[in-house]
There are 2 protein chains.
Amino acid sequence: MRIGDLAEKSGLSTDTLRYYEKIGLLPRPLRDGGGRRVYDATILRWIDFLDRLKSTGMGIKDRLRYADLRTKGEASLTERRKLLEAHRGKVAGDIARLTEMLDVLDDKIDRYRRMEAGETVDPAFESCARTEHGAPPSKEAPKHEHRPGARPRADAET
Amino acid sequence: MRIGDLAEKSGLSTDTLRYYEKIGLLPRPLRDGGGRRVYDATILRWIDFLDRLKSTGMGIKDRLRYADLRTKGEASLTERRKLLEAHRGKVAGDIARLTEMLDVLDDKIDRYRRMEAGETVDPAFESCARTEHGAPPSKEAPKHEHRPGARPRADAET
DNA sequence: GTACCGGTTGGAGTGCACTCCAGGTCAAGC
DNA sequence: GCTTGACCTGGAGTGCACTCCAACCGGTAC
């Protein structure tokens with residue numbers, strides 16, 4: 001299989017495949033007589049998994065780290081597991097956040113719909129509120145921290 | 001409230017707040033005698049919602065579009081709703097993808113753990129394979145079914 | 001034998017979303 | 001009056017993840 005075929009099968013562009021090889025995400029393939037890359041179909045499994053990691057929010061650095069560990073064989077099992085466990089945690093958190101947002105959106109969409117129908121709708125009461133002013137942001141920006149205790153608050157963001 | 005206070009309360013940096021104002025995500029605030037921005041606390045609702053949109057994967061362009069519609073008042077209700085509905089679809093899709101990944105990860109983590117314990121584990125047989133784009137949404141993957149030799153897709157990505 | 005297609009390389013360019021900086025103003029505290 | 005610290009502006013710089021490009025090469029079809 002040459003790079004064009006792999007591109008088609010994997011859904012990545014040839015440029016991206018070469019880029020991934022350059023940074024080390026993909027192993028260096030064999031070359032044919034004319035110096036062209038020749039791939040084994042098994043590479044598709046790996047590309048698929050990489051793609052999954054990416055599409056669930058793992059950045060290139062961590063994917064690179066995982067790829068690097070993978071080349072080290074059995075010795076890296078524990079580290080690889082830990083990396084995946086960390087990612088699992090992130091994914092679970094993302095699911096929680098997204099699920100919460102689904103409610104917020106449904107609420108808001110519903111209110112919009114009622115307003116479009118001419119109904120008088122009380123000021124948005126959900127959704128946009130996250131931090132209750134009591135919790136001090138504690139200086140260090142708690143980046144993507146999610147507060148499960150967030151309560152709805154009167155809201156003027158229509 | 002001045003920009004420093006708002007930064008602390010919103011979790012955004014003053015630079016980011018000014019940047020958001022520059023591109024139009026935030027309305028231009030009033031200024032005090034010395035030309036400094038003075039904010040009303042209600043802006044926090046809006047920032048919170050923007051932040052939620054962002055953290056659920058809405059890019060700056062769409063947030064900008066929404067912000068722009070918002071300034072147009074009632075006339076833009078329908079368009080705003082459509083935008084949110086589109087985002088809702090995206091969020092629902094993301095949840096599905098992430099949830100699927102959770103299974104993949106659990107499977108893989110489990111196998112790693114067994115391998116670490118010295119168990120002989122059959123070649124990774126799951127996970128990395130996605131529905132090859134030959135079989136469309138045959139989605140119902142046999143989730144937690146332990147298949148001792150089902151598909152011809154033995155996989156070397158350990 | 002030449003047109004064409006698909007491949008090769010290194011390097012430059014893109015879009016997003018900030019983040020940082022220089023050089024300045026303003027208000028309050030000592 | 002002077003220092004300090006928060007704030008102002010415009011613009012440059014950063015990191016990620018590609019994406020595009022020029023210039024070239026090798027194999028096949030006509």
Side-chain angles (χ1 to χ4, degrees), chain A residues 1-40 43 46-68 87 90 137 139-144, chain B residues 1-40 43 46-68 87 90 94:
Chain A
M1 192 167 37
R2 293 196 318 213
I3 200 168
D5 309 310
L6 183 58
E8 204 181 334
K9 284 187 183 156
S10 68
L12 301 176
S13 69
T14 57
D15 273 325
T16 301
L17 288 170
R18 280 188 286 256
Y19 166 69
Y20 278 3
E21 180 187 327
K22 187 161 77 179
I23 64 170
L25 269 187
L26 296 181
R28 302 223 174 109
L30 299 170
R31 303 294 181 119
D32 68 9
R36 291 174 301 195
R37 293 165 176 83
V38 178
Y39 295 94
D40 183 317
I43 194 77
W46 175 231
I47 291 176
D48 254 8
F49 187 61
L50 279 177
D51 205 37
R52 247 181 211 284
L53 287 175
K54 178 191 162 187
S55 83
T56 54
M58 186 184 280
I60 244 180
K61 272 183 188 164
D62 281 339
R63 274 179 284 157
L64 210 42
R65 170 117 189 84
Y66 186 77
D68 186 52
H87 188 55
K90 203 186 154 301
K139 296 189 123 183
E140 304 309 322
K143 271 288 172 177
H144 287 294
Chain B
M1 189 167 40
R2 294 195 317 216
I3 201 169
D5 308 311
L6 183 58
E8 204 180 334
K9 283 186 183 157
S10 68
L12 300 176
S13 70
T14 58
D15 274 323
T16 301
L17 288 170
R18 279 188 286 256
Y19 166 69
Y20 279 2
E21 180 187 329
K22 188 161 77 182
I23 64 170
L25 270 187
L26 297 180
R28 301 226 174 107
L30 300 169
R31 303 292 182 120
D32 68 9
R36 292 174 301 194
R37 293 166 175 84
V38 177
Y39 295 95
D40 183 317
I43 193 76
W46 174 232
I47 292 176
D48 255 7
F49 187 60
L50 280 177
D51 205 37
R52 248 180 209 284
L53 287 175
K54 177 191 161 188
S55 83
T56 54
M58 187 184 280
I60 244 180
K61 272 183 188 162
D62 281 338
R63 275 178 284 157
L64 209 42
R65 172 118 188 83
Y66 186 78
D68 186 53
H87 188 55
K90 204 187 151 301
D94 285 349

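- Inter-residue side-chain proximity for Leu26(B) and Leu50(B) is flagged as met; some heavy-atom pair is nearer than 4.5 Å.
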Where do Arg28(B) and Arg37(B) land on the side-chain contact (heavy atoms from CB on, under 4.5 Å) test, with the steps shown first? CA-CA 8 Å; Arg28(B) 301 226 174 107; Arg37(B) 293 166 175 84; over 6 Å; no
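- Atom CG of Asp51(A) is separated from atom P of dA17(D) by 13 Å (rounded to the nearest Å).
- As a whole-Å value, the separation of Arg31(A) CZ from dG7(C) P is 12 Å.
- Heavy atoms only, all atoms of each residue included: Lys54(A) and Tyr20(A) are closest at CD-OH, 4.1 Å.
- As rounded to whole Å, 14 Å separates atom C1' of dA17(C) from atom CG of Leu50(B).
- The shortest distance between side-chain heavy atoms of Leu25(A) and Ile47(A) does not fall below 4.5 Å.
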Chi angles and distances behind the salt bridge (Lys or Arg N to Asp or Glu O under 4.0 Å) call for Asp94(B), Lys90(B): CA-CA 6 Å; Asp94(B) 285 349; Lys90(B) 204 187 151 301; 3.2 Å; yes
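- Phosphate contact (OP1/OP2 of dC18(D), side-chain N/O of Arg63(A), threshold under 4.0 Å): present.
- A donor-acceptor pair under 3.5 Å is formed between the side chain of Ser10(A) and the backbone N or O of Leu6(A).
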At under 4.0 Å between heavy atoms, how does the protein contact nucleotides 25-30 of chain C? Give one character per nucleotide, 5' to 3', with B, S or -. -SS---
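- Leu30(A) has its CG atom 16 Å from the P atom of dG7(C), to the nearest Å.
- Using cut-offs of 30° and 60° on the angle between ring planes, the pair Phe49(A) and Tyr66(A) is tilted.
- The CG atom of Leu17(B) sits 14 Å away from the P atom of dC20(C) (whole-angstrom rounding).
- Residue Arg2(A) places none of its side-chain N or O atoms closer than 4.0 Å to OP1 or OP2 of dG6(C).
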Can you pull every protein N or O that's under 3.5 Å from an N or O on nucleotides 12-16 of chain C?
unit_1	atom_1	unit_2	atom_2	d
dC16(C)	OP1	Lys61(B)	NZ	2.4

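- At the phosphate of dT8(C), OP1 or OP2 sits under 4.0 Å from a side-chain N or O atom of Arg37(A).
- If you measure from atom CD1 of Ile3(B) to atom C1' of dT19(C), you get 14 Å, rounded to the nearest angstrom.
- In this structure the side chain of Arg18(B) reaches within 4.5 angstrom of the side chain of Ile3(B), judged on heavy atoms.
- Thr16(B) has a side-chain polar atom (N or O) that falls below the 4.0 Å cut-off from OP1 or OP2 of dT19(C).
- Note: CG (Leu12(A)) to C1' (dA17(D)) measures 12 Å, nearest angstrom.
- Nucleotide dC20(C) holds its C1' atom 11 Å from the CZ atom of Arg18(B), rounded to whole Å.
- The 5' end of DNA chain D is approached more closely, in terms of each residue's nearest nucleotide, by Gly4(B) than by the other of Asp15(B) and Gly4(B).
- No side-chain heavy atom of Pro27(A) sits under 4.5 Å from any side-chain heavy atom of Glu21(A).
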